[in-house]
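Here is the structure we will look at, set down as structure tokens.
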There are 2 protein chains.
Amino acid sequence: MAKATRGSERREEALSRERIVEVAIELLDDEGEGGLTFRALASRLATGPGAIYWHIANKNELLVAASDAVVARAMGEVLASASPREAIRGIAAGVFEAIDAHPWVGAQLSRAPWQTAMLQIFERLGRQVQALGGPERAWFTSASALLSYIIGVSVQNAANGRLLEPPVDRADFLEKVSAQWTRDAHAYPFTVKVAARLREHDDRAEFLAGIDLILAGIEASR
Amino acid sequence: MAKATRGSERREEALSRERIVEVAIELLDDEGEGGLTFRALASRLATGPGAIYWHIANKNELLVAASDAVVARAMGEVLASASPREAIRGIAAGVFEAIDAHPWVGAQLSRAPWQTAMLQIFERLGRQVQALGGPERAWFTSASALLSYIIGVSVQNAANGRLLEPPVDRADFLEKVSAQWTRDAHAYPFTVKVAARLREHDDRAEFLAGIDLILAGIEASR
DNA sequence: ACCTGAACACCGTTCAAGT
DNA sequence: ACCTGAACACCGTTCAAGT
């Protein structure tokens, strides 16, 4: 009913659950987990902190809704694949990249599993595990293992990213970490031996190599 | 220099980093993550909140120190094993049980990887991966995949435990979850198909089955 | 029905003052 | 050197009062 509705975003949208979640995601992306406060969020929404509580029960519900939205979007963008194997790699990469782009989602998923977000990923993975063609009794274990691995790596990758963010350079950081290990060489002989690989490894490639390992395990044990 | 030093704990110990960390662990175990505040901790230590800062820089350092201590203890209790395979299962079970008993450790490990705690687990796993006898170029990937999977499952298991703690019965909860899935049967056909397994599955056994899957993958791809 | 914003009961952390 | 505890700058959440 505004006099001139412009095609793009209107200046004054009414408060709604969807809009609150959307702005919360922006805030989390911009400022990190610590940046999401009801005061900051209210200010971006040009209202008072109390108004938000009319639409959302509390901060936890807000975080659940925000991470569900991000995961749903990511799953929607996963392309169809020729083989189940490729499809599983695609889902895995989609989750990895979504959490890499929105690190706070990782923290939220490990704080509250059994969210819709996890269920969505599990379902997607499961269908492909089924298509892989092993015996039915192995499906649950295979899909669970894939889900746990994917979430585990993605969360740690996101945490690393957050750690490195402000001033630190990735190469510098890894250099320092592996130097530390070399100093403790007597206590950590294995780690020192593979430290070179740490310095040069590609997180995403390493992640997918782990997926292949689990897929090989699934195929081997049927 | 007390008049009568008793064999067991003295009533009045001086403040020290070790003692603070020890009492913090007790507090976290008793009250959960939310229970660790500098005021509550100070009160258990019969001092003021400011005193703690003489020994520990901030809350994050306290959480890192506490989880390092728990993991170090758990790793110390892992028994020697005949085969590398058994040793890896033992390390995995040790981590799983330590995080199950101290759920807050899970949250902390996924918030701050590259802690001593993670390094210790990685080193232990790595030595056994090496003993497994595959090619050296595969060691890093194999040990990383195992570590990620172990931490991923343990963290989620701990989060579930926290979720279920207060009044909820595990069977009831799983019943409700799988009922929810059945209602959304059209959206989650795979999940519904394996829901029966969810209701009756044993988390620890499922976890070890996942380890076996990865081990099978490691052996298959060499 | 929905919004406002002051107020409440907490936090982590600092710091002047003590011993 | 180490401890004390009040004070500061924040939180999430509630709620009387408004429209």
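Computed from a predicted structure; not experimentally measured. Residue numbers begin at 1 in each chain, while the letters A, B, ... track the order of the sequences.
- At a non-hydrogen distance threshold of 4.0 Å, A:Leu36, A:Thr37, A:Phe38 from residues 30-38 of chain A come into contact with DNA chain D.
- For residues 54-65 of chain B, the set of pairs meeting the side chain to side chain donor-acceptor pair (under 3.5 Å) definition, not counting sequence neighbours, comprises B:Arg17-B:Glu61.
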Give every pair of a protein N or O atom and an N or O atom of nucleotides 16-19 of chain C that lie under 3.5 Å apart, one pair per line with the distance.
none

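- Residue pairs meeting the salt bridge (charged side-chain N to carboxylate O under 4.0 Å, His left out) criterion with at least one member in residues 62-75 of chain A, sequence neighbours excluded, are A:Glu22-A:Arg73.
- As rounded to whole Å, 13 Å separates atom P of C:dC3 from atom CG of A:Leu41.
- Rounded to the nearest 0.5 angstrom, A:Glu97 CD and A:Asn157 CG are separated by 10.0 Å.
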Quiz item: Pairing of DNA chain C as dot-bracket, 5' to 3': ( ) intra-strand, [ ] crossing, | other strand, . unpaired, with Watson-Crick or G-U pairs under 3.5 Å?
Solution: ||.|||||...|||||.||
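- Here C:dT14 presents its C1' atom at 12 Å from CZ of B:Arg39, a figure rounded to the nearest Å.
- In this structure, the separation between OG on A:Ser148 and CD1 on B:Ile151 is 12.0 Å, given to the nearest 0.5 Å.
- No donor-acceptor distance shorter than 3.5 angstrom exists from the side chain of B:Glu31 to the backbone of B:Leu36, with no hydrogens or angles considered.
- A donor-acceptor pair is defined here as one N or O able to donate and one able to accept, closer than 3.5 Å; no such pair exists between the side chain of A:Glu33 and the backbone of A:Trp104.
- Rounding to the nearest 0.5 Å places CZ of A:Phe207 at 13.0 Å from OG1 of B:Thr141.
- With no hydrogens or angles considered, a side-chain donor-acceptor pair links B:Gln108 and B:Arg111 at under 3.5 Å.
- Here CG of B:Leu213 is found 7.0 Å from CD1 of A:Ile214. Values are rounded to the nearest 0.5 Å.
- Of the possible donor and acceptor atoms, one in the side chain of B:Ser67 sits under 3.5 Å from a partner among the backbone N and O of B:Leu63.
- Residues of residues 50-63 of chain B having a heavy atom closer than 4.0 Å to DNA chain D, listed by number: B:Gly50, B:Ala51, B:Trp54, B:His55.
- Ring orientation note: the planes of A:Tyr53 and A:Phe38 are close to parallel, at an angle under 30° on the 30°/60° scale.
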Quiz item: After noting the C-alpha distance and the side-chain angles of A:Tyr188 and B:Phe122, does the key distance pass the side chain to side chain contact (heavy atoms under 4.5 Å, CB included) rule?
Solution: CA-CA 9 Å; A:Tyr188 301 109; B:Phe122 182 73; over 6 Å; no
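- Here the straight-line distance linking atom CE of A:Met118 with atom CG of A:Leu147 works out to 5.0 Å at 0.5 Å rounding.
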